[in-house]
Amino acid sequence: MRTSQYLIATLKETPSDAEVVSHQLMLRAGMIRKLASGLYTWLPMGLRVLRKVETIIREEMDRAGAMELLMPAVQPAELWQESGRWEQYGPELLRVKDRHNREFCIGPTHEEVITDLVRNELHSYKQLPCNLYQIQTKFRDEIRPRFGLMRGREFLMKDAYSFHIDQDCLEDTYQKMYQTYCRIFDRLGLDYRPVLADTGSIGGASSHEFHVLAESGEDAIAFSNESDYAANVEMAEAIAPSAPRPAATQPMTEVATPDTKSIEQVSQFLDKPPQQLLKTLIVLGEADDEAEPELVALVLRGDHQLNEIKAAKLPGVASPLELATDQQIQKTVGCQPGYIGPVNLKIKTYVDHSAANVADFICGANKDEIHLSGVNWDRDCSFDAAADLRQVEAGDPSPDGNGTLDIKRGIEVGHIFQLGNKYSNALNATVLDNTGRAAVMEMGCYGIGVSRVAAAEVEQNHDENGITWPEALAPFKVVLIPLNMHKSEMVSDATEKLYSQLQDAGIEVLMDDRKERPGVKFADMELIGIPHAVVIGDRSLKEGNLEYRSRKDGSSQSIAIDEMFAFLQGL
RNA sequence: CGGGGCGUAGCGCAGUUUGGUAGCGCACCACGCUGGGGGUGUGGUGGUCACAGGUUCAAAUCCUGUCGUCCCGACCA
């Protein structure tokens, strides 16, 4: 490709609405352009990268025995009504009507479509397991698209669905997909971790997320420093303290605490560490149809944070978790939030393991402007159950018993689930088993955010001059940078010769034949991130050399004209 | 949806407080010089100042409403 005939859409300045590096650099390198919030055009230079990500994924999925197919992006409402998600999914599902006033949605995922296909096409357990995938554009009307490609509304996704006669078979494929994902992310050159994940709204038994480690990640991941344990903090279990609770040493007394509601304020006002305080949060219980929902109290140590996912799973607690309003609290507890405590609290009370282990604690008195100090469990108050309610923190013991936890940020680029029979049941997807009876198939599903991978890749591979693509993803492998080409015949001859040699050898080469000054060419090609550059100028040519430059480490070396082609081929 | 910011040329911004008929840098076009790190000179092109309504002799500027967009929290590959 010659740059004079290619769209080099580089930007000198960073557009003001781009926050994260990947967004800024992909915009500046002329790889993407925004059309509307969460919608991006892939320019030619960017598309080359996206296609390479696709190719790696496709090769590994095929190698694992999965079969590629392509399903429609637009899906009929009936299927979603059949699975029950037409109601469940909410505003994230973009719904449209056709000219006959029939309802459709733009697919955010394809469980319904694939299950419908498979129930019609597969009839016998002998046809299982069956693993089908596609690489396709999805649409999710995100509440808040952000960070460029990282959370777009329209995005490219590889989604695979596997079908099985039983759980054992599902587990085999799940393991295989786990390994396939590791191969894919290895080949993509990413620093990633598979982590235990919450199965979320999709439902099902087991689940792993694949996270690319990056400061800009939207998720927090907990790692053991000694074993390979890793889990999304939403999931990571906080181990109950093993030491017995210390004995009570203080009498319970009321303390006036005017206008001190937060843990921080109380801690300062009474000069006690937050670990000595307990905070009580009031949330809604499971609603019985029309009836006013009961309230439930959650008690945590002052220095701990509530984990909403864990709390929502407790019996009797509304899911998703919802905090009670000030009015509800006033009515049931009799005070403002900030002065609530477990003493004489008449509602169901869950206490975090750590909070249950504190003696002589301070908590709200359920009266405005008053706290209690020297409070002790059993003697002064009680709770219904101790549970794991809190977010794990760096330094906590690892749930697998090995080492302590460290917390880092990650970008979720892949997710594998054991779905079980949620969809196959709803859509009645059965095959005959070896006894001739209809059996509902077990399902697995496996996603990779293809466009998000491209962005994550930039997050991990950049420097002050631009993107530093790994070889496997770079839009071109080599760029030729002739200097003063339009005046020096020597330069243009050498450039054209090397260019056609490389092209004939099938090496992806870009030749920067623009009539630009050297600085402009160097800057643009570094921004775009082509791994290998050959600088061709009179100066080195006269000595019989060309200059090779590596994008990654910035090093350069002189190589004899005749040897350059072989050198590049050998890279 | 709640909280905050921003909409002026392709990009980055000034001008808005105190109304007077739109400007700077980069980019772009033409020509010249220059030619190994975003060079330079001369001359140009490009704006419904987000939109609608109002106040006024006069509105980018004041008032009202609407829309878009970005950031912080509830969704997920």
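We name chains A, B, ... by the order of the sequence lines, and we start the count at 1 in each one. Any value given below was found using the heavy atoms of this structure, including those in side chains, with hydrogens, waters and symmetry copies removed.
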Pairing check on [N]: which nucleotide meets the Watson-Crick or G-U wobble criteria with it, both distances under 3.5 Å?
| N | value |
| --- | --- |
| G68(B) | C6(B) |
| G25(B) | C11(B) |
| U42(B) | A30(B) |

By nearest atom, which of the nucleotides [options] is closest to the [X] side chain?
| X | options | answer |
| --- | --- | --- |
| Glu547(A) | C13(B), G36(B), C11(B) | G36(B) |
| Val535(A) | C76(B), U69(B), G36(B) | G36(B) |
| Ala523(A) | G37(B), A74(B), U69(B) | G37(B) |

Counting the benzene-type ring for Trp, do His208(A) and Phe210(A) have ring centres under 6.0 Å apart?
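No, the ring centres sit 6.0 Å or more apart.
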
Please check if the distance between the ring centroids of Tyr161(A) and Tyr133(A) is under 6.0 Å.
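So the answer is no for these two rings.
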
Gap in Å between the two C1' atoms, one belonging to G23(B) and one to U8(B), rounded:
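Per the computed distance, 10 Å lies between those C1' atoms.
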
Check the distance between C70(B)'s C1' and Leu39(A)'s CG and give it to me in whole angstrom.
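Computing the Leu39(A):CG to C70(B):C1' distance gives 15 Å.
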
Taking OH from Tyr161(A) and P from A77(B), how many angstroms apart are they, rounded to a whole number?
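To the nearest whole Å, that distance equals 10 Å.
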
Does Gly148(A) reach a base, just sugar-phosphate, or nothing at all? Heavy atoms under 4.0 Å.
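No contact at all - Gly148(A) keeps every heavy atom at 4.0 Å or more from the nucleic acid.
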
Can a donor-acceptor pair under 3.5 Å be found between the side-chain atoms of [X] and the base atoms of [N]?
| X | N | result |
| --- | --- | --- |
| Arg151(A) | C76(B) | yes |
| Glu516(A) | G35(B) | no |
| Lys487(A) | G35(B) | yes |

Other residues, nucleotides, ligands: >12 heavy atoms within 6.0 Å of Glu87(A) CD
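Check passes, neighbour count above 12.
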
Got a sec: does the CD of Gln5(A) have more than 12 other heavy atoms crowding it under 6.0 Å?
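Buried by this count: over 12 neighbours within 6.0 Å.
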
So does [X] get a side-chain nitrogen or oxygen closer than 4.0 Å to the phosphate oxygens (OP1/OP2) of [N]?
| X | N | result |
| --- | --- | --- |
| Ser37(A) | C70(B) | yes |
| Ser16(A) | C13(B) | yes |
| Arg153(A) | A77(B) | no |
| Arg144(A) | C71(B) | yes |

Pro518(A) or Leu11(A): which one's nearest nucleotide on RNA chain B is closer to the 5' end?
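Upstream on the strand: Leu11(A).
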
